[in-house]
Undergrad: 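Take this structure, written in structure tokens, and hold onto it; I'll ask about it next.
Sequence lines set the chain letters: A, B, ... in the order given, protein chains first and strands last, and positions in each chain run from 1. Since this is a predicted model, take the numbers as computed values, not measurements.
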Amino acid sequence: MRDFYGVTLDSPLMLGTAQYPSPAVMEAAFRASGASVATVSLRRETGGGQAFWQMIKGLGVHVLPNTAGCYSAREAITTARMAREVFETNWIKLEVIGHADTLQPDPFGTLEAAEILTAEGFEVFPYMTEDQVLAQRLVDAGCRVLMPWGSPIGSGLGLNNRYGLKTLRAAFPDIPMVVDAGLGLPSHAADAMEMGFDAVLLNTAVAQAGDPAAMAEAFGLAARAGVLAAKADPMAPRDMAVPSTPVIGKAWL
Amino acid sequence: MADVTIIGAGVAGLWAAYALSKRGITPRLIDRVGAPAAHGCSWWAGGMLAPFCEGATSEPAVIAHGQRAASDWAEVTQVQHKGSLVVTLARDRAEMDRFARRTEGHSRVTGDALSALEPDLAHPAGQPGREALYFETEAHLTPRRALADLQAALAERGIVIEQAELHHDDIQGQIIDCRGMAAAPHLPGLRGVRGEMVMLRTSEVTLSRPVRLLHPRHPLYIVPRGDGVFMLGATQIESEQRGPITARALLELLSAAYALHPAFAEAEVIETGADLRPAFADHVPRVVQQGRVLHLNGLFRHGYLMAPALAHQAAYFLDTGTKGDLFHAD
């Protein structure tokens, strides 16, 4: 596993902590999945979520606070500073939303916030589209991890632009990358890992499943399967059928 | 002097007193403020007795015990046995299929059948005819009236709420602690989950039963209180901050209500409220025994649904020594 700002993760699965039927179900999902990172949103819990935050800390995994629900760089920066105090980590998943319906990230606000937060010593995980130019700007701003979306948050559509994601992966071979948002099925996670991404982050697909723990386990297995496959140097697709046993010597009529 | 003292006269404390009284035990019932009012989260409840709908996200214990709630409440207050409806906006149909898969006790209603139940909901303007899930056996009540009726039933049995603020050490004998969040220092793992609600009044919408709007971002329920009054609820936020409803919560609740029926736009906002729901990690209410103290707590969003069952188990234990399934080893 590649390292994320100096931290090597045991599992390529990162799980969100919102929308579970109860904290007990959330904990069961984390245990079943083997997820190595928990993301947590601070914005709506401003000042009063200590009991819930203790539960997240009690999961015993790395905590990646996020700025979910922020619509401007300024809001995101304020939230990030608060998150650093609450969770005693420099990690921040930077989310600056640009469009209320698609929840598409705002590339300009994201870049602006990333520059400021990096200067303040934050280790920024920017949520972004698969845009390569934006990726370069974020790397220039000091981001050492990128988080391109699979598809809109909570949509469950999977990898919406495989070409774009592949190109992005190839363009920044040395930057750890997490496919974040839009994954609906374990096969989407396996797909992302097979493409050479370093981790996947999801929430809704597990939290809103009828059996979150079972779905979490499925995602954990799929992500690991994808890692194994990527390392095993997959064959390239061919147009022509190639028999796996030689045909010479067989009787053909 | 009474052998049993109940602290906290919210829905749990009142029910504990009533259940004990039915077993021939007359407890002392104290509350730091007195009669039920805005200081307790019972005041802000929706009053839906909807075990099957709750089952979409609740543990089996809530569904099982919740099914008795309507008949228990009917002993002391008026219960509306009119079922409940679950609807979606046109673009979120998939949410209804999912809800239907994860719940029981419902049937699908459309067209004339839905019109017969709720004429105002059947034909949303500019949309194709609506489809709903009808949970025929569910019920609802009016929480503040139910609390007053329960209080009156207790008075008939010689139990009145005494205004006093006492600690466990100030009290002799058996204690039943029903103080909700105020008991959190005794109950590790109990947390507050913030909820916010709005009351509207309009004569332009008529509903006879609770309606839940499934929405991927802003789920909502509307409970008719009669006389054109509707309760809109409720946000569910991992925060222990009290304080008034936020602008954002108000926007979300009102937008969802407006999307359900545009006439809500002209309604008067007559009240807003916010409070904390005491909850354990699994969101199942518990009886927790600590020496001579029985805690009835963690009713989460199931106060009216689960208080009777929790109270009956506590009373049964004090009477017979037998613990029910809602007892939790501390």
Undergrad: Given the options B/Arg217, B/Arg194, B/Glu59, which has more heavy-atom pairs under 4.5 Å with chain A than any of the others?
TA: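 Most heavy-atom pairs within the cutoff with chain A belong to B/Arg217.
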
Undergrad: Considering residues, nucleotides and ligands other than B/Arg98, do more than 12 of their heavy atoms fall under 6.0 Å from its CZ?
TA: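 Yes, enclosed.
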
Undergrad: How long is the span from the CZ atom in B/Phe280 to the OG atom in A/Ser22, to the nearest 0.5 Å?
TA: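 These two atoms lie 13.0 Å from each other.
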
Undergrad: Side chain, backbone, both or neither: which part of A/Gln19 has a heavy atom under 4.5 Å from chain B?
TA: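 Contact with chain B involves no heavy atom of A/Gln19 at all.
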
Undergrad: Heavy-atom distance under 4.5 Å to chain B: side chain of A/Met55, backbone, both or neither?
TA: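 For A/Met55, the side chain is the part near chain B, not the backbone.
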
Undergrad: State whether B/Arg91 and A/Asp101 are salt-bridged, where the test is any N-O pair (Lys NZ or Arg NE/NH1/NH2 against Asp/Glu carboxylate O) under 4.0 Å.
TA: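 Yes, B/Arg91 and A/Asp101 are salt-bridged.
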
Undergrad: Answer yes or no: are there more than 12 heavy-atom neighbours, outside B/Arg102 itself, under 6.0 Å from its atom CZ?
TA: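 It does: B/Arg102 CZ has more than 12 such atoms within range.
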
Undergrad: Which of the residues A/Ala28, A/Ala24, A/Gly154 is involved in the greatest number of heavy-atom pairs with chain B at under 4.5 angstrom?
TA: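 The option with the most such pairs is A/Ala24.
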
Undergrad: How far does CD of B/Glu240 sit from CZ of A/Phe52, to the nearest 0.5 angstrom?
TA: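 Result: 11.5 Å between the selected atoms.
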
Undergrad: Provide the closest heavy-atom pair for A/Pro23 versus B/Ala281 in the form atom of the first, atom of the second, distance.
TA: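 Closest heavy-atom pair between A/Pro23 and B/Ala281: CD-O, 3.0 Å.
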
